[in-house]
Amino acid sequence: MKQKKMRFDTEVIHAGYDSEGHLGSLVPPIYQSSAFIFDNAEQGERRFAGSEAGYIYSRLGNPTVKILEDRMAVLEEGEAALAFSSGMAAVSAVLVSLTKTGDHILCSQGVYGCTFGLLQLLKKKYNIDCHFSSMDSPETLEQEIQPNTACIYIETPINPTMKLVDLELVVKMAKQKGIPVVVDNTFSSPYLQRPIAKGCDIVIHSATKYIGGHGDVVSGLVIGNEKFITQVSKTTQKDIGGVISPFDAWLLLRGIKTLPIRMDRHCENASRIFQFLKTHPKIENIYYPGDPEHGDYAIMKKQMKQPGGMVSFAIKGTKETAQQFIDQLQLIHIAVSLGDPETLIQHPASMTHAVIPVEERKKMGIEDNLLRLSAGLEAWEDIVEDLEQALKKV
Ligand code: LCS
């Protein structure tokens with residue numbers, strides 16, 4: 001194993017993998033096997049007892065998956081990582097691990113729709129309360145953290161409103177109170193933002209997005225300290241069982257290698273799209289953290305390398321105007337997900353965040369004329385020309 005600490009752009013290619021022990025295979029092999037053979041009965045007993053390291057069964061661990069986990073731990077500057085079958089499997093494993101009946105979760109004012117759905121389920125079934133907070137001042141946090149607050153859960157940038165949460169501010173207060181801070185880092189990827197380096201405890205990814213980067217795998221990741229990751233792997237991951245397949249882990253390992261160069265292009269394209277839409281007469285509002293007029297621009301400068309590849313905007317008009325506009329697009333696809341090579345656009349109020357009751361959606365800033373665009377890797381001129389022709393038609 002190469003031990004030397006390398007630069008991020010090198011780590012994405014090499015971290016966590018040593019061809020020694022894999023017959024010199026340049027690329028990590030796919031161990032597409034559900035079980036692993038024991039030499040004898042005693043060895044099987046030792047493996048199950050944990051007194052001997054080694055593989056047993058792929059729900060409990062798999063060599064290809066382990067390479068991915070080791071690489072992600074390095075990239076997010078955590079001690080260890082776990083891979084899951086989806087981002088939601090990762091989110092639910094973390095929240096179920098950190099909470100018990102009667103606890104309280106303090107959550108950013110806005111999260112992905114299914115995360116909201118999970119929080120509702122935890123409340124209904126297990127009486128785990130959740131409060132949505134702007135997290136914009138120490139006073140707010142002081143007031144909202146309860147004696148039974150089990151964790152602080154943050155998306156930043158927030159899907160789809162692109163508001164940011166100041167991680168330094170939250171960490172300072174959380175450390176005083178001894179509360180773990182969980183960050184869903186899906187929109188940034190570790191190339192743009194590394195919450196553990198800022199003092200946060202746990203990072204989650206929907207690896208479906210920028211980590212995979214090619215729109216061909218649904219998967220999730222959790223990164224944290226050794227103790228927490230071991231706890232999750234031996235409980236919520238093992239017994240609920242949302243594990244990733246070896247092939248999907250291999251696809252992610254392949255995708256990660258190009259994360260820095262893809263992210264640079266996503267960011268460049270998003271910035272060009274922002275510049276075009278910012279002054280367009282048919283656009284009411286634009287939400288992009290790289291906009292110096294964005295309320296959280298200073299936070300972006302402080303904690304992100306670049307503003308990211310996502311741009312949300314409200315079109316002048318109604319829900320119908322927004323729908324008519326996206327129906328006119330020719331190159332840009334109407335699809336959920338994000339971080340793919342293809343530029344994607346979706347209507348949060350009726351798609352990714354439709355499960356959130358309308359009053360709650362409005363509090364989060366999700367209006368009916370809001371659209372969310374994931375800048376792809378195409379030539380930016382083609383993306384902008386497509387937006388331009390479609391805007392002319394509404
Ligand atoms: N966290 C964030 C911030 C997300 O955006 C998503 C999915 C998840 C977690 C869940 O990950 P999954 O299980 O889908 O891998 N977000 C989606 C979106 O905005 N459009 O489609 C899925």
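We count ligands from 1, going down the list as the structure has it; atoms in each ligand are counted the same way.
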From F84, Y112, F187 - option closest to atom 4 (C) of ligand 1 by heavy atom: Y112

Are side-chain heavy atoms of T343 and D382 found at a separation under 4.5 Å? no

Check whether any heavy atom of M351 sits under 4.0 Å from an atom of ligand 1. no

Using a strict cut-off of 4.0 Å, indicate which atoms of ligand 1 neighbour a heavy atom of E155. 3 (C)

For atom 19 (O) of ligand 1, the closest protein heavy atom turns out to be R372 NH1, 2.7 Å

Compute the shortest N/O to N/O distance between S206 and ligand 1 and return yes if it is under 3.5 Å, no if not. yes

Identify the heavy atoms of T156 and Q193 that sit nearest to each other, and give their distance. O-NE2, 3.1 Å

Of all the heavy atoms in S337, does at least one lie under 4.0 Å from an atom in ligand 1? yes

Determine, using heavy atoms of S219 and all atoms of ligand 1, whether some pair is separated by less than 4.0 Å. yes

Note: P307 and Y288 closest approach over all heavy atoms is CG-OH, 3.7 Å

Atoms of ligand 1 under 4.0 Å from any heavy atom of M88, numbered from 1 in the order shown, are 10 (C), 11 (O), 12 (P), 13 (O)

Walk me through whether H347 and S350 qualify under side chain to side chain donor-acceptor pair (under 3.5 Å). CA-CA 6 Å; H347 180 246; S350 66; 2.6 Å; yes

Search all heavy atoms of E378 against all heavy atoms of R265 and return the closest pair with its distance. O-NH2, 3.4 Å

Heavy-atom nearest neighbour in the protein, as seen from atom 5 (O) of ligand 1, with distance rounded to 0.1 Å: N159 ND2, 3.0 Å

Please check if the side chain of D386 supplies one atom and the backbone of I332 the other of a donor-acceptor pair under 3.5 Å. yes

What's the shortest distance from atom 9 (C) of ligand 1 to any protein heavy atom, and which residue and atom give it? D184 OD2, 3.5 Å

For atom 12 (P) of ligand 1, what is the nearest protein heavy atom, given as residue, atom name and distance? G87 N, 3.3 Å

Within a distance under 4.0 Å of any heavy atom of L338, pick out the atoms of ligand 1 and give their elements. 19 (O)

In terms of residue, atom name and distance, what is the protein heavy atom nearest to atom 15 (O) of ligand 1? T208 OG1, 2.6 Å

When you look at F313 and H280, which way does the ring pair (Phe, Tyr, Trp, His ring centres under 6.0 Å) test go after all the steps? CA-CA 11 Å; F313 54 97; H280 196 285; 9.7 Å; no

Check the pair D103 / T99 against side chain to side chain donor-acceptor pair (under 3.5 Å), numbers first and verdict last. CA-CA 6 Å; D103 276 349; T99 58; 5.4 Å; no

Which heavy atom of the protein is the closest neighbour of atom 7 (C) of ligand 1, given with residue, atom name and distance? K209 NZ, 2.6 Å

Report the C-alpha separation of F116 and F132 in whole Å, then their side-chain angles, then the decisive distance to 0.1 Å, and conclude whether the ring pair (Phe, Tyr, Trp, His ring centres under 6.0 Å) test is met. CA-CA 10 Å; F116 182 91; F132 293 95; 5.5 Å; yes

